[in-house]
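A short write-up of the structure that comes next.
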Protein chains: 2
Amino acid sequence: MTDKSIFDDDKDPSDSYGYSIPLKDFFSCALSVDCAIFGYEDNDVKILLIKRGAEPFKNSWALPGDLMYPRENLEDAAQRVLKSLTGIENLFMEQAHSFGGVQRHPTGRVITVSYYSLVNIQDYKPKASSWAKKLKWHSLKEIPDLAFDHRDILDSSVHSLRKNLRTRLIGFNLLPGKFTLKDVQQLYELILDQKFDKANFRKKVLASDFLEPLDEVESNVPYRPAKLYKLADIADNSSSFEV
Amino acid sequence: MTDKSIFDDDKDPSDSYGYSIPLKDFFSCALSVDCAIFGYEDNDVKILLIKRGAEPFKNSWALPGDLMYPRENLEDAAQRVLKSLTGIENLFMEQAHSFGGVQRHPTGRVITVSYYSLVNIQDYKPKASSWAKKLKWHSLKEIPDLAFDHRDILDSSVHSLRKNLRTRLIGFNLLPGKFTLKDVQQLYELILDQKFDKANFRKKVLASDFLEPLDEVESNVPYRPAKLYKLADIADNSSSFEV
DNA sequence: CCAAAAGTGTTACCTTTACACCCATGT
DNA sequence: ACATGGGTGTAAAGGTAACACTTTTGG
């Protein structure tokens, strides 16, 4: 690990061109990426956690995350790490926030960049691999103690999620390929912790043209089956939808 | 600088606990912070740039930014660097985005975290210091070539600024201590590149309770002087204001 | 027929928009 | 008096919220 002496002579270099500590001492940090993958199932929003099989924080639950290679783009690192630990590939993730507390990693100075995304749990069957011992979708209502400052990272990701759900299309990512309008409404109510009027919610979501009606309805329900919809092809991440 | 060999044996470590390259090789990156400080003057939004007096990109214009010490919090680094290069102290800055392209810094692997803030140019008299040779408020309309990927960082900061201006209070930071409603409107029109109806804009901004009227009016104007306002004490960064 | 949830129409209310008009001041 | 920009009122248009209602299914 980094020579401890680096830490003992931080001085203000601002009075000269160049630096008062050797340039190489600045190049002693590591970067990591942490992925907050939200899923939706049983009318509940869940977060994908792994059980760490490696030190530090061995056996603790944590967000899937790992060190970035020195010659790897941040985005590539996020993709690689997620795939390596959970098997999930090619998932678009959005950068959320960077965490740079000095003491946040016991091994040395590690700054982490968090990414988040939303998936429908039915569509992904993640499987623990590499040093991830276990993997589980945890309800946001019961989050265990997490490694490092992952609780802060998770909270910050939830915040980004809520903020973006109001203005962007990302919410639909959580739903299965075919879904009812009620599913959409329940999802929004759950994430935003807010009730919507059924008639008005439908009008708004249908008016947005993001949904394409299918010639299909629910089956095996003891009441009038609801029409099924899919996400319209034209809808992309830049489309806006205000609830 | 970092031993080149680190870069030549990046391998996928996902098949074993631990890593296929020595742990210390991960700790070979540097972090930097870059500050996008927006100012407002003469009905124009400007960005504070420094002329670099040190390699690399010596003599190029750049956002004020520098390497973070290995034992320094990110936020502390942002404050220190801004003060060191421009003299501006205790300015609240918001984290915007992190940039981690492999080739973005010629010296080695440097990931940068950008921060931004808004100030009223009248209130700050920044002065180039440390390795900043010169310092200048540049109109956003005429940005010179910038060092590193600072153009991308600037664009991303402008984007964050616009996004937040619509829902948060930050816009008022750009204004002097006393200002007219017209000043507010011009600022919003300028940043959002959009015209607002005078009567309606006034109603909205006054209804928000963010402004406190002063017993004072403009002077030396060849027409009816406008009433002056100041930002109300109760208004904080969490207050919302929708234009 | 009933229960349950899907799905729709109507109205009252509120906000936004557009625009006209009056007001205060320096010259 | 008049030109200039400050400041205000109002009515039309549009969107939102609330709620009652009809429809379709399984039992």
Side-chain angles (χ1 to χ4, degrees), chain A residues 42-43 165-167 171-172 175-190 192-232 239-243, chain B residues 42-44 165-168 171-172 175-190 192-232 239-243:
Chain A
D42 303 333
N43 197 28
L165 192 64
R166 290 190 174 280
T167 51
F172 296 98
L175 293 166
K178 300 170 183 179
F179 49 83
T180 67
L181 293 181
K182 174 131 208 159
D183 291 334
V184 180
Q185 183 173 350
Q186 283 184 340
L187 172 64
Y188 272 76
E189 290 182 342
L190 186 67
L192 299 177
D193 194 23
Q194 185 179 145
K195 291 287 172 195
F196 297 101
D197 179 89
K198 181 177 49 152
N200 297 332
F201 188 88
R202 290 171 162 261
K203 277 177 226 160
K204 218 173 245 177
V205 70
L206 287 177
S208 75
D209 275 333
F210 291 159
L211 301 192
E212 208 163 285
L214 299 172
D215 288 328
E216 219 175 324
V217 292
E218 287 179 302
S219 51
N220 295 328
V221 286
Y223 48 80
R224 173 177 174 180
K227 196 169 175 58
L228 290 170
Y229 291 81
K230 76 183 189 78
L231 197 51
S239 309
S240 80
F241 165 66
E242 293 266 344
V243 298
Chain B
D42 303 333
N43 199 25
D44 198 13
L165 194 64
R166 290 190 174 279
T167 51
R168 307 249 320 262
F172 295 99
L175 293 166
K178 301 170 181 179
F179 48 83
T180 67
L181 293 180
K182 174 131 207 162
D183 291 334
V184 180
Q185 184 174 349
Q186 283 184 339
L187 173 63
Y188 272 77
E189 289 181 342
L190 187 67
L192 299 177
D193 194 24
Q194 183 179 147
K195 291 287 172 197
F196 297 101
D197 179 89
K198 181 175 51 150
N200 298 332
F201 188 88
R202 293 173 159 258
K203 278 177 227 159
K204 218 174 244 177
V205 70
L206 287 176
S208 74
D209 275 334
F210 291 159
L211 300 192
E212 209 163 284
L214 298 172
D215 288 328
E216 220 176 324
V217 292
E218 284 181 304
S219 50
N220 298 326
V221 286
Y223 47 81
R224 172 177 175 181
K227 196 172 177 54
L228 291 170
Y229 292 80
K230 74 182 188 79
L231 197 51
S239 309
S240 80
F241 166 68
E242 293 267 345
V243 299

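In what follows, chains carry the letters A, B, and so on, assigned in the order in which the sequence lines appear, proteins first and then strands, with residues in each chain numbered from 1.
- Here D:dG6 is the nucleotide among C:dT25, D:dG6, C:dA18 with the atom lying nearest to any side-chain atom of B:R202.
- A straight line from CD of A:Q186 to C1' of C:dA5 spans 12 Å, rounded to a whole angstrom.
- Nucleic acid contact for B:A199: base, since at least one base atom lies under 4.0 Å from a heavy atom of the residue.
- When all heavy atoms of A:F201 and A:Q185 are compared, the closest pair comes out as CE2-CA, 3.4 Å.
- The base of D:dT10 sits within donor-acceptor range of the side chain of B:K203, with an N or O pair under 3.5 Å.
- Once rounded to the nearest 0.5 Å, the distance linking CZ of B:F179 with CG of B:L187 reads 10.0 Å.
- When each of A:Y229 and B:V221 is assigned the nucleotide of DNA chain C bearing its nearest heavy atom, the one mapping closer to the 5' terminus is A:Y229.
- Distance CG (B:D197) to C1' (C:dT15): 14 Å, rounded to an integer number of Å.
- Picking from D:dG6, C:dA6, D:dT25 the nucleotide with the shortest atom distance to the side chain of B:Y223 gives D:dG6.
- When the C1' atom of C:dA24 is taken as reference, atom CD of B:E218 falls 12 Å away, rounded to whole Å.
- Looking at B:E218, its side chain never comes within 3.5 Å of a backbone N or O of B:L228 through a donor-acceptor pair.
- Of the two residues near DNA chain D, B:L228 and B:P222, the one whose nearest nucleotide lies more 5' is B:P222.
- Contact annotation for B:K227: backbone-only contact, meaning every heavy-atom pair under 4.0 Å involves sugar-phosphate atoms and none involves a base.
- Within the nucleic acid shown, A:K182 comes within 4.0 Å of sugar-phosphate atoms alone, with no base atom in reach, counting heavy atoms only.
- Atoms CD (A:Q185) and P (C:dG7) sit 12 Å apart, rounded to a whole Å.
- Note: CG (B:N200) to P (C:dC14) measures 18 Å, nearest angstrom.
- Dashed line: the shortest gap from a side-chain N or O of B:R224 to OP1 or OP2 of C:dC23 is not under 4.0 Å.
- Atom CG of B:N220 is separated from atom C1' of C:dT25 by 12 Å (rounded to the nearest Å).
- Here the rule is salt bridge (Lys or Arg N to Asp or Glu O under 4.0 Å) with B:E212, and of B:K178, B:K230, B:K227 only B:K230 fits it.
- Separating the NZ atom of B:K204 from the P atom of C:dT15 is a distance of 11 Å, rounded to the nearest angstrom.
- B:D42 places no side-chain N or O within 3.5 Å of a backbone atom of B:D44 that could act as its donor or acceptor partner.
- Nucleotide D:dG6 holds its P atom 14 Å from the CG atom of B:L206, rounded to whole Å.
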